[in-house]
Amino acid sequence: MGTTLNPPMLYLGLDCSTQSLTAIVIEVDDDARAVVYERSLDFDVDLPHYGTRHGVLPADDPRVAVSPPIMWAEALDRVLADVAASGLDLSRLAAIAGSAQQHGSVYLNASAGARLATLDPAQPLAPQLEGLFSRPVAPIWMDVSADEECREITRAMGGADRLATLTGSRAFERFTGPQIRKFFKREPDRYAATDRIHMVSSFMASLLTGGHAPLDPGDASGMNLMDLLTNRWLPDALEATAPDLGRRLPPIVSSWSVVGTVASYWQGRHGLPPARVVAWSGDNSCSLIGTGLVRPGQLTVSLGTSDTVCGVMARPDVDRSGIGHVFGAPTGEFLALVCFRNGSLARERVRDQFGLDWDAFSAALRSTPAGNHGGLMLPWFEPEITPDVPVAGVHVVDLDPADGAASVRAVVEGQMLGMFRHSRWMGVETQVIHATGGATVNREILQVMADVFDAEVRQFIVANAACLGAALRALHADREADGRPMAWTDVVKGLAEPVAGSAVEPVAANGGTYRELAAKQAELERRVRSAGSGT
Ligand code: ADP
Ligand code: XUL
């Protein structure tokens, strides 16, 4: 044991995801670090008065996915009340950073700035925000309704290649720019009444600091609006999207910027100290940190509401096939990503269809052979992002749809094969995968991942890597602001580490089976997509 030179400090990470808001507090001193608090609030269960399902409001159009931003504010109030009541010595809370679902946008009118600065600590947060929204709902990453706007923006930007080269991605329906354009076209009066458009990340940071907070490049690069090389708004992308957009967007600052201190509202309401608030970022960026992945040549696979495959790139090698994205990484490098909409909710659909619980789901995976006797499923229960499938439709071959165990294997193998094939463009031939997200507690699912990728899969000490990553970003930025910078390799030490002995090894004999099945899936995918999806 070395000598403790500084008192142990606390860092709070928050993760505003699709279905929940999570808080993790870590305690850090010169010798040791530990998670000392973790709590999650489930939007459907804990805030039922908003009527969400899996965090999303019901909509007549299946392509639309919106959530109430005021629900996220109420969740923040509730979670911070719990942190304050936890018994932790919050006078040692040095900084807070956050992680949020990417791409979602929040629309505020001109009264918001002043109101956020003058909230009454004697009153709950949510009722005080009524009247501040120029649009009561926030489109989120599951929305696929802005296809026309994607085409318009692409055309105005001189084609998909140019847009991708400049911003890191071709136009995607869920990206904030196309969503803003759709709002401007459909609801011009409300657009005109909009003074500030936040992403979920900067909206939450604004609530914490009591004023409009900036965006970080990790999240701003999910808008089709930012120049990936300079981290500045692109004037022609702004113009292609909506009039006078530039003045409605927050400034972009580096991910490790301190963007304010905890507002007097939170000090008065829950007794929080005036701790530093660090720029919030997207959940995938934060997961990179929370899985200790800070080097190029490694992959993180997240099995959350969405399934994602992420890698770090030193240079932004944009995907020429148009499937993937390059975002800014919170380390200042670049993050390559592919996103699958049919993640956990697709696994749940199959689980529920056969009346199983997760244990029975795992047992079904154990009782069926790798390769499923050639049975395959394209699990597009909802419109899919990767590949671009605008109309839902589940497609199977050589599979008895009444066979529960085979269907369980088919959904998981279908997902893993899709993730494997569609992440090849990243050029990462990895031997190790860092796994995170709710489904990674399931080792049978991880075994399929290991076999399909032919790589060792590691489970992490803290399952919610996005939230842990936010807490670690708070530590990193706090040290930077104190003039005591910390290398990322030191930041992630001890917490963002694999559980000892947790590695799931690939079974060598299954490699050939999955190579064949991957080719069969690629062919099925081609056939179904050229025929138009939907069954
Ligand atoms: P988010 O992306 O919204 O943060 P999480 O990472 O918290 O989501 O993951 C939530 C999902 O984890 C649930 O929707 C559920 O399907 C999945 N999950 C929880 N436990 C298991 C399990 N034992 N096996 C497979 N999936 C699970
Ligand atoms: C990434 C994406 C999703 C959300 C989920 O591009 O859309 O992973 O960030 O929270």
Side-chain angles (χ1 to χ4, degrees), residues 14-22 38 40-45 52-56 65 67 99-104 139-144 168-169 172-176 179 199-201 218-219 221-224 281-288 290-291 300-310 323-327 335-352 356-365 384-386 408 411-412 415 419 435-449 459-460 462-470:
L14 295 163
D15 175 33
C16 187
S17 77
T18 317
Q19 306 192 56
S20 54
L21 179 68
T22 303
E38 183 165 3
S40 208
L41 176 145
D42 181 298
F43 299 138
D44 295 2
V45 174
T52 56
R53 185 157 158 64
H54 300 300
V56 185
S67 298
S99 149
Q101 54 167 305
Q102 293 187 251
H103 315 296
I140 66 154
W141 67 274
M142 291 168 143
D143 193 291
V144 289
S169 304
F172 279 83
E173 279 100 330
R174 71 188 192 288
F175 275 43
T176 323
Q179 289 294 335
M199 299 185 79
V200 183
S201 58
D219 219 17
S221 48
M223 300 176 90
N224 281 137
S281 189
D283 48 5
N284 290 294
S285 304
C286 291
S287 288
L288 274 190
T291 53
T300 284
V301 174
S302 171
L303 305 179
T305 308
S306 63
D307 286 349
T308 59
V309 184
C310 300
I323 285 266
H325 317 295
V326 180
F327 298 136
L335 184 165
L337 178 137
V338 267
C339 178
F340 299 81
R341 177 172 172 179
N342 287 285
S344 278
L345 302 185
R347 291 184 283 278
E348 286 179 21
R349 287 281 273 269
V350 175
R351 182 199 65 181
D352 296 344
L356 309 175
D357 57 16
W358 286 124
D359 284 343
F361 190 93
S362 301
L365 285 173
E384 181 49 68
I385 294 168
T386 311
V408 165
V411 69
V412 175
Q415 292 174 322
M419 283 195 263
T436 181
T440 53
V441 295
N442 193 318
R443 287 182 72 84
E444 284 75 14
I445 292 178
L446 298 189
Q447 185 64 59
V448 180
M449 186 190 293
Q459 281 175 305
F460 279 72
V462 179
N464 188 333
C467 197
L468 174 65

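Numbering of ligands and ligand atoms starts at 1, following listing order.
When only interatomic distances are considered, the shortest N/O to N/O separation between R174 and ligand 2 falls below 3.5 Å. Annotation: Q102 places an N or O atom under 3.5 Å from an N or O atom of ligand 2; distance criterion only. Between H325 and ligand 2, no pair of N/O atoms sits closer than 3.5 Å.
The single protein non-hydrogen atom nearest to atom 9 (O) of ligand 2 is D283 OD1, 2.8 Å, given as residue, atom name and distance. Ranking protein heavy atoms by distance to atom 2 (C) of ligand 2, first place goes to C339 SG, 3.4 Å. Of all protein heavy atoms, the one closest to atom 3 (C) of ligand 2 is S306 OG, 3.5 Å. N284 ND2, 3.3 Å is the protein heavy atom nearest to atom 1 (C) of ligand 2.
Close approach to Q101 involves these atoms of ligand 2, each under 4.0 Å from a residue heavy atom: 10 (O). For ligand 2, the atoms closer than 4.0 angstrom to any heavy atom of T308 are 8 (O).
With sequence neighbours excluded, the residues forming a side chain to side chain contact (heavy atoms under 4.5 Å, CB included) with A360 are L356, D357, listed by chain and number. Among residues two or more places apart in sequence or in another chain, the side chain to side chain contact (heavy atoms under 4.5 Å, CB included) test is passed with T291 by L293, T300, H434, T436, F460, A465. In terms of the side chain to side chain contact (heavy atoms under 4.5 Å, CB included) criterion, residue partners of S201 (sequence neighbours excluded) are, by chain and number, A100, M199, L215, D219, W280.
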Criterion side chain to side chain donor-acceptor pair (under 3.5 Å) on S99 and D15, from CA distance to verdict: CA-CA 5 Å; S99 149; D15 175 33; 2.8 Å; yes
Given the rule in the side chain to side chain donor-acceptor pair (under 3.5 Å) test, do N342 and Q415 qualify, once you have shown the distances and angles that lead to the verdict? CA-CA 8 Å; N342 287 285; Q415 292 174 322; over 6 Å; no
Report the C-alpha separation of T22 and S17 in whole Å, then their side-chain angles, then the decisive distance to 0.1 Å, and conclude whether the side-chain contact (heavy atoms from CB on, under 4.5 Å) test is met. CA-CA 8 Å; T22 303; S17 77; 5.9 Å; no
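Closer than 4.0 angstrom to ligand 1 lie heavy atoms from S17, T18, Q19, G304, T305, S344, E348, W358, G437, G438, A439, V441, N442, I445.
One finds no salt bridge joining D352 and R347 here, because no Lys/Arg side-chain nitrogen approaches an Asp/Glu carboxylate oxygen to under 4.0 Å.
With values rounded to the nearest 0.5 angstrom, S344 atom OG is found 13.5 Å from R349 atom CZ. From C16, atom SG reaches atom CD of Q101 across 6.5 Å, with rounding to the nearest 0.5 Å.
Contacts with ligand 2 closer than 4.0 Å are made by no heavy atom of T305, backbone or side chain. Within the 4.0 Å heavy-atom criterion, the part of L337 lying near ligand 2 is the side chain and not the backbone.
Using bins of under 30°, 30° to 60° and over 60° for the plane-to-plane angle, the ring pair F327/H103 lands in the tilted bin.
A distance below 6.0 Å separates the ring centres of F172 and H325.
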